[in-house]
Structures are given as C-alpha cells and as structure tokens.
Amino acid sequence: MKTEPDTFSIDDLKTRKVEPWDGVRNYQARNFIRAMNAGDAVMIYHSSCAVPGAAGLGKIAGAPRPDPTQFDPANAHYDAGSDPSDPRWTLVDVRYVRKLRRVITLDAIKALPKLGDFALIRRGNRLSVLPVTDTQWQAILALE
DNA sequence: GCCAACGTTGGC
DNA sequence: GCCAACGTTGGC
C-alpha cells in the first residue's frame with residue numbers, strides 16, 4: 001500500500017497504531033482492498049518523495065468496510081455519485097507492525113532478479129494498492 | 001462507442 | 001518542475 005510520507009508516513013502509522021486507509025478512488029485498487037482479510041500482511045511503501053521505497057510493515061485490522069469520506073461533501077474524496085445503500089468505495093483499517101530497519105528503495109527492488117510480473121515496477125504504474133506474492137514479499141524483505 | 005482533452009500519479 | 005503513463009470526462 002502506497003502512501004506519500006509528506007502526508008502520512010510509516011512514522012505516522014506507528015503513532016496512530018491503526019489507521020483507516022481512506023480516499024482510495026481507483027476501481028482496481030478498490031478491488032484489491034475488497035479482497036483483503038483481517039490479519040493480512042501489508043507492506044507500506046513511500047511514494048512521491050526523496051527516496052521512494054518500502055518503509056514498513058502493517059497488517060489488516062478488520063474486514064473491508066465502506067469508506068465514510070465518500071459521503072462527506074466537505075471531504076476532498078467526496079463522491080456525489082455513490083449510493084449509501086451500495087457504497088462505491090471501500091477502505092480497510094491498517095495496523096502498524098514495524099518499520100523496516102532502512103527503506104528498501106525502489107531502485108533496489110527493481111534490481112531484484114526474480115520478481116516476475118509485479119505491479120509496483122510496471123511501466124507507468126499508478127496503482128496505490130497492489131498485490132504482493134509470497135515470493136516478491138520475501139525477496140524484498142531479504143534486502144532489509 | 002470513439003477519442004481528444006484534461007487531470008492525476010509518481011519517478012526523476 | 002518536468003514529463004510519461006494512463007484513467008476519466010464529455011462532445012459528437
């Protein structure tokens with residue numbers, strides 16, 4: 001799961017302990033959120049910053065649920081077209097697990113030989129929530 | 001349903 | 001700040 005550290009970093013998650021991951025407004029990312037289960041492991045990735053890369057680990061704290069910000073006209077992520085009886089957008093609550101000892105940079109991840117098809121390093125990748133296979137997960141964490 | 005214009009993401 | 005990628009919007 002990507003986040004811009006200037007807005008919400010792994011340190012912020014550490015302070016908050018659990019954070020509702022709201023504001024995702026991309027159908028593909030939403031579908032990945034809907035496929036999540038409580039207890040699933042997540043890697044927290046810092047994007048749009050000086051050193052993009054994996055910064056920490058978390059886990060999903062509960063079942064996916066409607067994102068309340070979609071119904072709040074004052075919220076930047078308000079969606080007037082979302083029907084409260086069938087909410088369009090979903091969030092999960094993410095619990096802090098730990099920071100990585102150092103940021104595993106995008107460069108280092110790209111240099112891994114056996115990632116296979118990985119949405120994070122596809123050209124023009126813009127997905128804010130994307131799946132990581134066991135193989136990818138272990139290969140990345142082995143760089144810590 | 002096509003496609004140009006526009007907006008956003010995110011690395012550099 | 002620039003620009004490539006790509007999703008969304010809206011005119012036709």
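Chain letters run A, B, ... following the sequence lines, proteins first and then strands; every chain starts at 1. Just the heavy atoms: all of them, side chains too, but no hydrogens, waters or symmetry mates, feed the values below.
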Could you tell me how far apart A:Leu127 (CG) and C:dT8 (P) are, to the nearest whole angstrom? 11 Å

Compare side-chain N and O positions of A:Arg126 against OP1 and OP2 of B:dT8 and report whether any pair is under 4.0 Å apart. no

Closer than 4.0 angstrom, basic N to acidic O: yes or no for A:Arg25 and A:Asp79? no

Between P of B:dT9 and CZ of A:Arg122, the distance in whole Å: 19 Å

From the list B:dG10, B:dG11, C:dA5, which nucleotide is the closest neighbour of the side chain of A:Arg123? C:dA5

Rounded to whole Å, the CG-P distance (A:Asp79 to C:dT8) equals 12 Å

Grab the CD-C1' distance between A:Glu4 and B:dT8 for me, whole Å please. 10 Å

Qualifying residues under salt bridge (Lys or Arg N to Asp or Glu O under 4.0 Å), relative to A:Lys110, sequence neighbours excluded: none

If I take atom CD1 in residue A:Ile121 and atom P in nucleotide B:dG10, what distance separates them, rounded to the nearest angstrom? 16 Å

Look at A:Tyr27 and C:dC6 and indicate whether a side-chain polar atom (N or O) is within less than 4.0 Å of OP1 or OP2. no

Please determine whether a side-chain nitrogen or oxygen atom of A:Lys2 lies at a distance below 4.0 Å from atom OP1 or OP2 of B:dT8. no

Rounded distance (Å) that lies between atom C1' of B:dT9 and atom CZ of A:Arg25: 16 Å

Please name the pair of heavy atoms, one in A:Leu141 and one in A:Ile104, separated by the smallest distance, quoted to 0.1 Å. CA-CD1, 4.3 Å

Return the value, rounded to whole Å, for the distance between atom CZ of A:Arg88 and atom P of C:dG7. 17 Å

CG of A:Asn125 versus C1' of B:dG11: gap in Å, rounded? 10 Å

Select one nucleotide: of C:dA5, B:dC12, C:dG7, the one nearest the side-chain heavy atoms of A:Asn26. C:dG7

Output side-chain donor-acceptor pairs under 3.5 Å for residues 46-60 of chain A, partner residues at least two apart or in another chain, one line each.
from	atom 1	to	atom 2	distance (Å)
A:His46	NE2	A:Ile10	N	3.1

